[in-house]
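I have placed the structure first, in the form of structure tokens, so that the comments after it can refer back to it.
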2 protein chains.
Amino acid sequence: MIAVTSCEGDMEIVDQGKYVRYTPEQIEALERLYHECPKPSSLRRQQLIRECPILSNIEPKQIKVWFQNRRCREKQRKEAARLQAVNRKLTAMNKLLMEENDRLQKQVSQLVYENGYFRKQTQNAALPTTNTSCESVVTNGQNHLPMQHLPRDASPAGFVNFSFSPV
Amino acid sequence: MIAVTSCEGDMEIVDQGKYVRYTPEQIEALERLYHECPKPSSLRRQQLIRECPILSNIEPKQIKVWFQNRRCREKQRKEAARLQAVNRKLTAMNKLLMEENDRLQKQVSQLVYENGYFRKQTQNAALPTTNTSCESVVTNGQNHLPMQHLPRDASPAGFVNFSFSPV
DNA sequence: TCCTAATTAGCCGTAACAAG
DNA sequence: CTTGTTACGGCTAATTAGGA
């Protein structure tokens, strides 16, 4: 209770009722100290209060709590930032992969086309060939495709409609 | 003021010095009400207190604050979950794209190989050809590659060392 | 009518505390 | 200690009252 008036005024609340906001100067000092050492010992905390006149009116317990909350906040923010960063990275990588995929698709198309052309040439001009078959020459276990239905639509699985918002 | 004893016991604190944890029953009731309406009006909140005897010892202001905090928590959790979901989606998509890329790379390799073979056949067996050039036949503005340095390393940009942790 | 001061309500950040 | 919860100060947007 104790309504504590309200806005306006520099009321030195003093009375340890509860809930005070530290001044910007105090925050600045605390942040600096936190940057030096995010997890000071109890002893170290007492030193800080003595060394820093700005913090002299803050109780040791409050200092302790402040560092606790500060660590917690940092952790949360770091995790959020990390997720955002990973997202950006993955999005960027996706873009690259899509472009590369596109490029390769085009390349395959062209190669298939040229291949068909050459195949025709070979067929027409060189019937007496030493080739064992008119089909695929090298078969390294994969891609046993008959070479005739490739010209387009070389996509394998279905990742067509991946909404995927920009984070 | 008002130390409020501490742990243990079912102390009916009553005196609203500060900081009380609501009982599981109260939480349950509040959660249920929240599920029905996450943002009740001031009037509605007063109704709730009257209707629900479990909440009768909680002040209107506290109810208001509870709903406020509850919304805040939900928001944070939803955002975190969303990021996680997007991350999973992107990671899965990346995997698919990588596989597809790999497949296309292999396909290009094979096609280039076959192409070379056919090209050689054509050259050897059919010198008197109507072909205008021994180089690329179709040139659709893109992929003006000389066809000789493709066999491997068809990667364009540098996405080699993308650490990319699994979320 | 439009504008401006005052009140109101919600959200954000954070202090303080409890539980684990 | 960390994590989660209660509570509050302060900012901002939305609403309203009163005066030019």
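Proteins come first, then strands; the chains are lettered A, B, ... in the order of their sequence lines, and each starts at number 1. The shown structure was predicted, so the numbers you read here are calculated from the model rather than taken from an experiment. Below, each value reflects all heavy atoms present in this structure, side chains not excepted, and no hydrogens, waters or symmetry copies.
Of all heavy-atom pairs between B:Q26 and B:N57, the closest is NE2-OD1, 3.0 Å. Contact between B:W66 and B:I27 at its shortest, heavy atoms only, is NE1-CD1, 4.2 Å.
The CD-C1' distance, from A:E79 to D:dT3, rounds to 14 Å in whole Å. Rounded to an integer number of Å, the gap from CZ of B:R21 to C1' of C:dG20 is 11 Å. Put simply, CD on B:Q76 is 14 Å from P on D:dT6, counting in whole angstrom units. When rounded to the nearest whole Å, the span between NZ of A:K61 and C1' of C:dA15 equals 11 Å.
OP1 or OP2 of C:dA15 has not a single side-chain nitrogen or oxygen of A:Q62 nearer than 4.0 Å. Considering only side-chain N and O atoms, A:Y22 lies nowhere under 4.0 angstrom from the phosphate OP1 or OP2 of C:dG13.
Looking at residues two or more places apart in sequence or on another chain, you find a side-chain contact (heavy atoms from CB on, under 4.5 Å) between B:E99 and B:K95, B:L96. Contacts of B:N69 classified as side chain to side chain donor-acceptor pair (under 3.5 Å), with partners at least two apart in sequence or in another chain: none. For the side chain to side chain donor-acceptor pair (under 3.5 Å) test, no residue two or more places apart in sequence or in another chain qualifies with B:E28. Partners of A:Q76 according to the side chain to side chain donor-acceptor pair (under 3.5 Å) rule, which considers only residues two or more places apart in sequence or in another chain, do not exist here. Checked against side chain to side chain donor-acceptor pair (under 3.5 Å), B:R73 has no partners two or more places apart in sequence or in another chain.
DNA chain D is contacted by no residue of residues 23-32 of chain A, taking any non-hydrogen atom closer than 4.0 Å. Remark: nothing in residues 33-58 of chain A comes within less than 4.0 Å of DNA chain C through any heavy atom. Taken residue by residue, residues 63-75 of chain B places heavy atoms nearer than 4.0 Å to DNA chain D at B:V65, B:W66, B:N69, B:R73.
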Considering only distance and modelled atom types, tabulate donor-acceptor pairs under 3.5 Å from the side chains of residues 39-50 of chain B, sequence neighbours left out.
unit_1, atom_1, unit_2, atom_2, d
B:S41, OG, B:R44, N, 3.1
B:R44, NH1, B:Q47, OE1, 2.9
B:R45, NE, B:P40, O, 3.4

Pairs of donor and acceptor atoms involving the side chains of residues 30-38 of chain B, under 3.5 Å and at least two apart or interchain, shall be tabulated with distances.
unit_1, atom_1, unit_2, atom_2, d
B:E31, OE1, B:R70, NE, 3.1
B:E31, OE1, B:R70, NH2, 3.0
B:E31, OE2, B:R70, NE, 2.8
B:Y34, OH, B:E74, OE2, 3.3

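Using five terminal pairs a side, the axes of the helix from C:dT1-D:dA20 to C:dG20-D:dC1 at its two ends make an angle of 0°, given in steps of 10 degrees.
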N/O-N/O pairs, protein side and nucleotides 14-17 of chain D side, under 3.5 Å:
none

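For the atom pair A:S109 OG and A:E114 CD, the distance stands at 11.0 Å (nearest 0.5 Å). Here the CZ-CG distance, from B:R82 to A:L83, works out to 10.5 Å after rounding to the nearest 0.5 Å.
Side-chain polar atoms of A:R71 and A:Q68 form no donor-acceptor pair below 3.5 angstrom.
When hydrophobic clusters are built by joining Ile, Leu, Val, Met, Phe, Trp and Tyr residues whose side-chain heavy atoms come closer than 4.5 Å, directly or via intermediates, B:Y22 is grouped together with B:L55. B:F67 and B:V20 fall within a single hydrophobic cluster, where Ile, Leu, Val, Met, Phe, Trp and Tyr are joined by side-chain heavy atoms under 4.5 Å apart, directly or via other members. A:L97 is connected to B:M93 through a chain of hydrophobic side-chain contacts under 4.5 Å among Ile, Leu, Val, Met, Phe, Trp and Tyr, so both are in one cluster.
When side chains are defined from C-beta on, A:E59 counts as touching A:Q62, because their heavy atoms get closer than 4.5 Å.
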